[in-house]
Amino acid sequence: MAGALAAAIAIGWLAWAWYESRLPATYSVMDYAIEDDGGKPLPEHAMHMGVPVDSLKGPSGLPDRHFTLTAQAADVKLTSGRVVHALTFNGSLPGPELRVRKGDLVEVTLRNRDVKSGVTIHWHGVDVPGAEDGVAGVTQNAVAPGGSYTYRFRAEQVGTFWYHTHQSGAEEVRRGLYGALVIEPPGRHAGLNLPVVVHTLDGIPVVNRTDGIERWQVPPGTDVRLRLVNTDNAPHSFDIGGAPSRVLAIDGTDLHGPTLVSGRKLVLAAGGRYDVGLRMPVQPVRLAVEDTGVGVVLSRDGTGDPPIPESGPELDFTSYGIPARTPFDASSRFDREFTLEVTRKPGFFDGQPGMQWAINGGIFPRVPMFMVEEGDLVKVTLVNGSRGIHPMHLHGHHMLVLSHDGKPVTGSPWWSDTLDVEPHSRYEVAFRANNPGLWMDHCHNLQHAAQGLTMHVAYAGVTTPYLTGGSAHNHPE
Ligand code: C2O
Ligand code: CU
């Protein structure tokens, strides 16, 4: 009797959990999330301002630079001759490298020729105004075949960024809808300045469009800046042989006083960027991407096969470079403090049973929404209570890393937009809420994001008129 009753209760609970987990055909990201005020009540008036996120547009006026990016399916020939049926911007892979100067008003027209699932462009790492963030179902509708959309923003940061679709991201980014975006400081620059965009296309590792070794002819004495971009879902490890080098920037923010290192492994988060600087020596230099066979060789005549560098100990950015003043630090008084803890637990995700990702115990869409007010100084503790690696990416802001596993950052200030939180580790980060909007905060293993490792940071009173799912078929992940 008791056993039958227990079974009935268990079945009833399961049925309820299943029923309750199903996502409706159409929903607003505002409706499901569990609001978290970070320990400080939000003023009533702010909550009722009703500022639509798509009113927070970039500046008007004549653009300094205009680009057109046309999303289209294309057969792309890699350097080995292999052909991949990819999704591309302008038929090229990666998409065209966009290079602008600090201060430029940038205007980009996105056209969709034939990508059936729709497309958007997100400016990864560029803290653009809220309406220009390119997230389907949050800041705009996905652009359907035949449609177009125009983005405008002022390039205020200097560094290495990238752009990619934020519609069905897990599928469309993997298939090729990404490219590098470089914002250069004003003035002229000598030397070689080279994006190294690492991706896996149809199972084939590539740097830029080379499925092998990309070679450059570089006169000795040249200042070289390698702009490493990881557009994959997992971290990549880089080794450099032939010259000492330094990490000049992380995620588009310069480090202070970075020292020369040799034989150190650089582990780059999915979605993250490192700028690596070196002075070209007489002998060749090799940048190797571990476990892929791809890389870059620099030599004075463009030939040569320098040895593959050995993998050394990982460079630790908590103690790299020289400290410098920051607008806030670990001793600041924070207006709001949040915890974002990732775990894995049994449950239902959109009606599917299995082991699911959870944020603070809740399975998507019952995940927290961090509520902030403009001007707040915000602290977030990122905790990974799972066995997976989660490159946590916050849109619209840069996070100052305060500590890693309790160890304070004692080197250069370290600003990040995509921070690899390793299994069972913890980071404390802080940011100034100075960019009103409705911002995604998600795992940049886009597979994980599609499985529910997605949440938002919302400014009180900012709303979205867009819906996920629905007639526009918006699917940001
Ligand atoms: Cu690189 Cu939410 O994106
Ligand atoms: Cu993840």
Side-chain angles (χ1 to χ4, degrees), residues 29 53 89 94-95 119-128 130 132-140 142 151 159-174 176-181 197-199 229-235 251-252 268-273 340-345 349 355-360 363-364 367 382-399 416-425 427 435 437-458 468 474-477:
V29 295
V53 67
F89 287 113
V119 60
T120 67
I121 300 181
H122 167 61
W123 312 97
H124 185 120
V126 186
D127 301 331
V128 299
E132 313 290 345
D133 200 39
V135 178
V138 179
T139 66
Q140 67 174 95
Y151 300 91
T160 305
F161 306 92
W162 63 298
Y163 62 90
H164 61 80
T165 180
H166 223 302
Q167 160 75 352
S168 299
E171 156 90 2
E172 293 187 2
V173 176
R174 182 175 59 75
L177 287 174
Y178 64 90
L181 166 62
V197 183
V198 179
H199 195 74
V229 185
N230 181 358
T231 59
D232 267 333
N233 280 334
D251 291 352
L268 181 57
R273 287 90 59 217
L340 193 171
E341 182 176 25
V342 176
T343 54
R344 195 114 166 108
K345 70 174 205 186
F349 172 59
M355 290 299 287
Q356 313 295 353
W357 300 113
I359 302 178
N360 295 357
I363 297 170
F364 188 87
V367 291
L382 299 163
V383 185
N384 184 350
S386 79
R387 283 181 305 195
I389 300 175
H390 304 297
M392 298 307 296
H393 172 46
L394 173 61
H395 286 210
H397 303 79
H398 275 72
M399 310 174 272
S416 172
D417 55 56
T418 316
L419 191 61
D420 244 346
V421 189
E422 308 92 352
H424 304 291
S425 77
Y427 277 95
N435 193 10
L438 199 45
W439 303 102
M440 280 187 93
D441 191 354
H442 65 95
C443 178
H444 221 285
N445 179 330
L446 297 178
Q447 218 82 55
H448 292 177
Q451 294 162 354
L453 263 189
T454 293
M455 55 163 288
H456 294 81
V457 170
T468 300
N474 293 319
H475 298 286
E477 294 84 20

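Any value given below was found using the heavy atoms of this structure, including those in side chains, with hydrogens, waters and symmetry copies removed. Note that ligands are numbered from 1 as they come in the structure, with each ligand's atoms numbered from 1 the same way. Along the sequence shown, the residues carry numbers beginning at 1.
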The angle formed at the Cu ion (ligand 2) by SG of Cys443 and ND1 of His390 is about (to 10 degrees) 130°
Tell me the angle that NE2 of His444 and NE2 of His164 form around atom 1 (Cu) of ligand 1, rounded to 10°. 110°
Nearest N/O/S atom of His448 with respect to the Cu ion (ligand 2), by atom name, please. ND1
His395 near atom 2 (Cu) of ligand 1 via N/O/S, less than 2.8 Å: yes
Minimum-distance atom from atom 1 (Cu) of ligand 1 among N, O or S atoms of His124: ND1
Which is the closest N/O/S atom of His166 when seen from atom 2 (Cu) of ligand 1? NE2
Under 3.5 Å, is there a donor on one side chain and an acceptor on the other for His395 and His456? no
Value rounded to 0.5 Å, distance of CG in Leu453 from CG in Leu446: 11.0 Å
Ion pair Asp232/Arg174, N-O distance below 4.0 Å: no
I'd like to know if the side chain of Asp251 pairs up with that of Ser416 as donor and acceptor (distance under 3.5 Å, no hydrogens or angles considered). yes
Gln167 and Thr120: side chain donor to acceptor below 3.5 Å: no
